[in-house]
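Right, one structure below, let's go through it.
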Amino acid sequence: MCKSVTTGEWKKIFYEKMEEAKPADSWDLIIDPNLKHNVLAPGWKQYLELHASGRFHCSWCWHTWQSPHVVILFHMYLDRAQRAGSVRMRVFKQLCYECGTARLDESSMLEENIECLVDNLITSLREQCYGERGGQYRIHVASRQDTRRHRGEFCEACQEGIVHWKPSEKLLEEEATTYTFSRPQAEEGSGCNFFSIPWCLFWATVLLLIIYLQFSFRSSV
């Protein structure tokens with residue numbers, strides 16, 4: 001079973017990886033729930049993780065759900081003179097759609113995914129704060145695939161205008177299939193439908209022709 005990693009353990013993993021990546025500099029990680037997207041202080045850089053996998057737990061009705069559409073916002077700043085840097089982090093929350101509580105609940109990250117998330121953060125930090133190139137972003141995959149549609153009305157990131165989800169091709173194909181099978185069977189059958197509009201017009205023309213011929217025959221007699 002996968003172990004869940006709370007936001008408090010982000011620091012430990014971040015510090016260990018930054019010690020390997022930039023041992024000469026000192027970096028700090030601060031959890032800031034008030035961080036705003038695209039609102040940056042002078043000299044700060046931004047990195048936005050759009051498709052993290054997180055597990056949410058409602059403290060009101062005890063409902064637990066997993067989402068592959070968790071948004072994490074990072075603001076980064078490096079003081080080159082002091083050789084010290086700071087990262088501010090915000091994990092956007094989700095409302096419980098079972099009980100509809102107005103309280104937005106914290107999420108926990110899966111251990112196999114947090115390694116990828118921190119690696120992506122450090123790759124962006126190297127590019128934006130150190131001007132380095134050649135970094136590679138890692139793709140993290142949810143431990144359990146969730147094909148349900150993302151419900152933006154319950155997502156804090158969506159409510160703040162961050163576009164991070166769109167229907168996948170698989171969902172669009174499923175919707176198209178559902179629509180196809182919901183059509184009347186008269187349109188689905190491969191045989192002829194004698195009550196369709198073209199057939200009605202054909203029979204009406206034949207009937208008028210018969211009436212016309214009968215009228216012409218009587219007139220000639």
Side-chain angles (χ1 to χ4, degrees), residues 1-23 25-37 40 44-59 62-78 84-96 103-130 132 134-148 150-151 154-158 160 162-165 168:
M1 184 174 180
C2 299
K3 175 186 174 184
S4 294
V5 181
T6 62
T7 53
E9 294 177 87
W10 273 84
K11 291 187 176 183
K12 178 177 180 295
I13 297 174
F14 174 75
Y15 294 152
E16 290 176 353
K17 287 184 173 290
M18 281 305 299
E19 181 65 25
E20 296 178 2
K22 295 294 178 183
D25 296 342
S26 174
W27 279 86
D28 192 19
L29 177 65
I30 302 170
I31 308 300
D32 185 355
N34 298 315
L35 211 60
K36 296 295 182 183
H37 180 234
L40 296 164
W44 286 73
K45 308 296 182 180
Q46 176 176 280
Y47 171 64
L48 190 63
E49 184 71 54
L50 296 175
H51 299 290
S53 177
R55 180 179 294 135
F56 293 85
H57 174 75
C58 179
S59 57
W62 303 102
H63 176 232
T64 300
W65 69 98
Q66 186 170 319
S67 172
H69 304 294
V70 181
V71 175
I72 308 176
L73 176 64
F74 299 97
H75 285 184
M76 307 168 291
Y77 177 77
L78 172 62
S86 179
V87 175
R88 292 185 175 272
M89 166 185 164
R90 176 186 178 184
V91 180
F92 287 87
K93 306 173 187 177
Q94 293 183 10
L95 279 167
C96 175
R103 181 172 52 256
L104 289 157
D105 293 292
E106 298 283 354
S107 67
S108 59
M109 298 294 146
L110 300 178
E111 190 172 30
E112 72 270 23
N113 288 329
I114 195 172
E115 297 283 339
C116 301
L117 296 170
V118 174
D119 286 342
N120 288 348
L121 168 62
I122 294 177
T123 297
S124 179
L125 188 149
R126 282 175 174 270
E127 293 176 351
Q128 298 194 71
C129 296
Y130 290 95
E132 298 178 358
Q136 184 175 0
Y137 291 90
R138 296 178 61 184
I139 299 175
H140 40 87
V141 181
S143 62
R144 183 178 62 184
Q145 187 176 10
D146 188 351
T147 58
R148 295 173 297 179
H150 179 66
R151 301 173 68 174
F154 294 96
C155 175
E156 191 178 43
C158 289
E160 295 197 14
I162 300 176
V163 179
H164 65 105
W165 183 90
S168 65

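- Atoms CD1 and CZ, on I30 and R90 in that order, are 16.0 Å from each other to the nearest 0.5 Å.
- For the atom pair CD1 (I114) and CD1 (I72), the distance works out to 8.0 Å, reported to the nearest 0.5 Å.
- Here the SG atom belonging to C96 is positioned 6.0 Å from the NE2 atom belonging to H63, to the nearest 0.5 angstrom.
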Under the side chain to side chain donor-acceptor pair (under 3.5 Å) rule, what do Y137 and D119 come out as? Steps first, then yes or no, please. CA-CA 7 Å; Y137 291 90; D119 286 342; over 6 Å; no

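- Within the 4.5 Å cutoff, side-chain heavy atoms of H51 are placed close to those of H69.
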side-chain contact (heavy atoms from CB on, under 4.5 Å) for F154 and S67? Distances and angles first, verdict last. CA-CA 12 Å; F154 294 96; S67 172; over 6 Å; no

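- The shortest distance between side-chain heavy atoms of H75 and L40 falls below 4.5 Å.
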Steps toward side-chain contact (heavy atoms from CB on, under 4.5 Å) verdict (W65, C58): CA-CA 9 Å; W65 69 98; C58 179; 4.1 Å; yes

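- Within the 4.5 Å cutoff, side-chain heavy atoms of Y130 are placed close to those of L125.
- Taking the six-membered ring where tryptophan is involved, the planes of W10 and F74 are tilted, since the angle between them lies from 30° to 60°.
- Of all non-hydrogen atoms in S53 and V70, the two that sit nearest each other are C-CG2, 4.4 Å.
- With rounding to the nearest 0.5 angstrom, the CE atom of M18 is 7.0 Å from the CG atom of D25.
- In summary, the aromatic rings of W62 and H57 are positioned with their centroids under 6.0 Å apart.
- Taking all atoms of both residues into account, the shortest heavy-atom contact from L117 to A52 is CD2-CB, 3.8 Å.
- When all heavy atoms of V71 and L50 are compared, the closest pair comes out as CG2-O, 4.0 Å.
- Legend: residues meeting side-chain hydrogen bond (donor to acceptor under 3.5 Å, both in side chains) with Y47, ordered by chain and number and at least two apart, are E49.
- Side chains of R126 and K22 form a contact here, defined as non-hydrogen atoms less than 4.5 Å apart.
- Note that the CD1 atom of I162 and the NZ atom of K36 stand 9.5 Å from one another [nearest 0.5 Å].
- Across C129 and W27, no two heavy atoms sit closer than the pair SG-CH2, 4.2 Å.
- How far CG of D28 is from CZ of F14: 8.0 Å, rounded to the nearest 0.5 Å.
- With hydrogens and angles disregarded, no donor-acceptor distance shorter than 3.5 Å links the side chain of Q46 to the backbone of H37.
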